[in-house]
2 protein chains.
Amino acid sequence: MELIELLKKSLLFSGLKDNDLAELAAITVRRTFRKGESLFSEGDEATGFYLLVSGSIKLCRIAPDGREKVLHFVQPRETFAEAAFFGDGRYPAEARALAAGEALYLPKEGFLELMGRNPNFSLNLVVSLSLMLRQFARQIEELSFADVTSRLASFLVRRSAEKSASYGGITYIDLGVKKGELASRLGTASETISRTLRKLKDEGIIEVQGSRVVIHQMEKLQKLSERHE
Amino acid sequence: MELIELLKKSLLFSGLKDNDLAELAAITVRRTFRKGESLFSEGDEATGFYLLVSGSIKLCRIAPDGREKVLHFVQPRETFAEAAFFGDGRYPAEARALAAGEALYLPKEGFLELMGRNPNFSLNLVVSLSLMLRQFARQIEELSFADVTSRLASFLVRRSAEKSASYGGITYIDLGVKKGELASRLGTASETISRTLRKLKDEGIIEVQGSRVVIHQMEKLQKLSERHE
DNA sequence: CGGGTTCTTGACCTCTCTCAAAATATGTGG
DNA sequence: CCACATATTTTGAGAGAGGTCAAGAACCCG
């Protein structure tokens, strides 16, 4: 697809005029990646940020004891590693591909230059970062207050809103990630996810088929996710 | 103090030239507040953001069950509520004064205009937001992995780095907040903070005198905070 | 059809939450 | 500056959610 079309799909560049986008396209680098490939690692020098076009990426950190904590699953059209713009210029996490795909690379240097010339870039970037901050704040709140059932319900509800198929009141979600990864993202252990999914199934709220989840009673799920929040 | 001098103290405006600062000063509103006063509440229309000059502010959210979750303690010279720039334009949390002081209010409208005219404002804002993102990411990681001892140690170490007095290997920290608030910030209960502080005291690592903490063995504290990270 | 990974389940155990009560600190008016 | 009222902190005891370890089952791929 045309590079400019791809750029336009991102929230980050949505408000830009065509000639702005052309400037942007001039510094953009297309990059494909395979499953399991790492786009950058924790501690690497941050030379730019990315816009995911297709495929699936997780941002994660490795704890000293070897366990991995998933901070975020990146969806197509989302940007990631914008925070590469800060002070020390190192990536604070690793970006690993869960499925093969393509990303657009925006080099820091060229982008900073664009920001200096064209305020629209900065304004959009600020909006994007602010949205992320809000998301993170919610995650912090969830981790402090909500139990695993509630967090899992919250995840499923959100996922079903953004990425699902629905027929006659029944919603089908494709988790798209291994349950172990989901556990890490929700700040718990895979065993607990297993047990919690089972509990929800026993209550007739959902059904699990591999990495596919069928939601039978969305309302109950919503209630569970709001109980604490 | 001169308004421009106050503005210059913030990381957010540190790199600006004097004439930029003068423009900024022109739209700045000084605002004093008393202890317990709320600068804005969750859900209020976000009309701008703040730079804390003196006093102490906490950002918090109230859960449906009435409990309060502290997201962040704002230190003098720091800005807060920059995220007011996003989409729906509502404050996502409440800002309540822990001690009387003064803040500078930067109205959204005027600031957006400045950003459009002068790229330096945007660049600094992006840096500032990125730093916050990094902080939040660390908090998420801590909440998922680390136990309370580790989180408390981490908090103390960080606090001692930014706000402490030190004589001959012994460091004195003023918590500056009630222990209950600290508990909320660390995602735990005040009883647990109490017990954990006591445990650290029994091990000879720290000493507690009201809201003052004396660190005797910084290395051990550091080790505790890194065990998980 | 192996061989490896991932998932599930069971058992156990520990950390931390909760509730209740005592102790301490803080603030207020006189 | 004291004495009382309120708020905060500490301590104790009990319960429960969820982590960990271990083993078997299911799944996935070449």
Side-chain angles (χ1 to χ4, degrees), chain A residues 34-36 58 63 65-70 96 98-100 141-155 174-202 206-213 224 227-228, chain B residues 34-36 56 58 63 65-70 96 98-100 141-153 155 174-202 206-213 224 227-228:
Chain A
R34 305 177 176 286
K35 179 174 175 177
K58 70 176 172 188
D65 65 1
R67 280 184 303 176
E68 171 187 293
K69 167 64 192 168
V70 175
R96 186 172 288 275
L98 296 168
E141 214 183 314
E142 274 189 5
L143 283 171
S144 327
F145 278 149
D147 57 24
V148 172
T149 304
S150 167
R151 277 180 267 158
L152 178 57
S154 169
F155 179 87
D174 184 1
L175 290 182
V177 296
K178 279 177 283 199
K179 287 178 187 144
E181 316 248 31
L182 177 56
S184 174
R185 164 62 233 286
L186 294 179
T188 185
S190 60
E191 293 96 323
T192 303
I193 287 295
S194 204
R195 282 188 253 267
T196 308
L197 283 171
R198 187 172 206 307
K199 197 185 70 183
L200 293 178
K201 189 182 117 198
D202 289 349
I206 64 172
E207 206 170 314
V208 185
Q209 300 154 353
S211 99
R212 227 166 233 81
V213 176
L224 283 174
R227 184 128 51 119
H228 314 267
Chain B
R34 305 177 175 286
K35 178 173 175 180
S56 177
K58 69 176 171 188
D65 65 0
R67 281 186 300 177
E68 171 186 293
K69 167 65 192 167
V70 175
R96 187 173 289 275
L98 295 168
E141 213 182 316
E142 276 188 3
L143 282 171
S144 328
F145 278 149
D147 58 22
V148 172
T149 305
S150 170
R151 278 181 265 158
L152 178 56
F155 180 87
D174 184 0
L175 291 181
V177 296
K178 278 177 284 199
K179 285 173 188 151
E181 317 249 29
L182 177 57
S184 173
R185 163 63 233 285
L186 294 179
T188 185
S190 60
E191 293 96 322
T192 304
I193 288 295
S194 199
R195 281 187 254 268
T196 308
L197 283 171
R198 188 170 205 306
K199 196 186 69 183
L200 293 177
K201 190 182 116 198
D202 290 348
I206 65 171
E207 205 169 313
V208 185
Q209 302 154 352
S211 98
R212 229 167 231 79
V213 175
L224 283 175
R227 183 127 51 123
H228 311 268

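Being a predicted model, the structure only gives us computed values, none of them experimental. Chain letters run A, B, ... following the sequence lines, proteins first, then strands; residues in each count from 1.
Legend: residues meeting side chain to side chain donor-acceptor pair (under 3.5 Å) with B:Lys35, ordered by chain and number and at least two apart, are absent. Checked against side-chain contact (heavy atoms from CB on, under 4.5 Å), A:Lys178 has the following partners two or more places apart in sequence or in another chain: A:Glu181. Residues forming a side chain to side chain donor-acceptor pair (under 3.5 Å) with B:Ser144 (at least two apart in sequence, or on another chain): A:Lys69. Residues satisfying the side chain to side chain donor-acceptor pair (under 3.5 Å) criterion with B:Thr196, sequence neighbours excluded, are absent altogether. A search for side chain to side chain donor-acceptor pair (under 3.5 Å) contacts involving B:Arg212 returns nothing, not counting sequence neighbours. Residues passing the side-chain contact (heavy atoms from CB on, under 4.5 Å) test with A:Lys201: none are found, sequence neighbours excluded. Residues passing the salt bridge (charged side-chain N to carboxylate O under 4.0 Å, His left out) test with A:Arg198 are A:Asp202, sequence neighbours excluded.
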Nucleotide-resolved protein contact map, nucleotides 21-30 of chain D, B/S/- at heavy-atom distance under 4.0 Å: B---------
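Reading DNA chain C from its 5' end, the first and the last nucleotide to sit under 4.0 Å from a heavy atom of chain B are C:dT16 to C:dC19.
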Compile the donor-acceptor pairs under 3.5 Å between side chains in residues 182-193 of chain A and protein atoms, sequence neighbours left out, one pair per line.
| residue | atom | partner | partner atom | Å |
| --- | --- | --- | --- | --- |
| A:Ser184 | OG | A:Glu68 | O | 2.9 |
| A:Ser184 | OG | A:Val70 | N | 2.7 |
| A:Arg185 | NH2 | A:Gln139 | OE1 | 3.4 |

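An angle of 60°, rounded to 10°, separates the two end axes of the helix from C:dC1-D:dG30 to C:dG30-D:dC1, each defined over five pairs.
Looking at residues 181-188 of chain B, you'll see that no heavy atom sits under 4.0 Å from any atom of DNA chain D.
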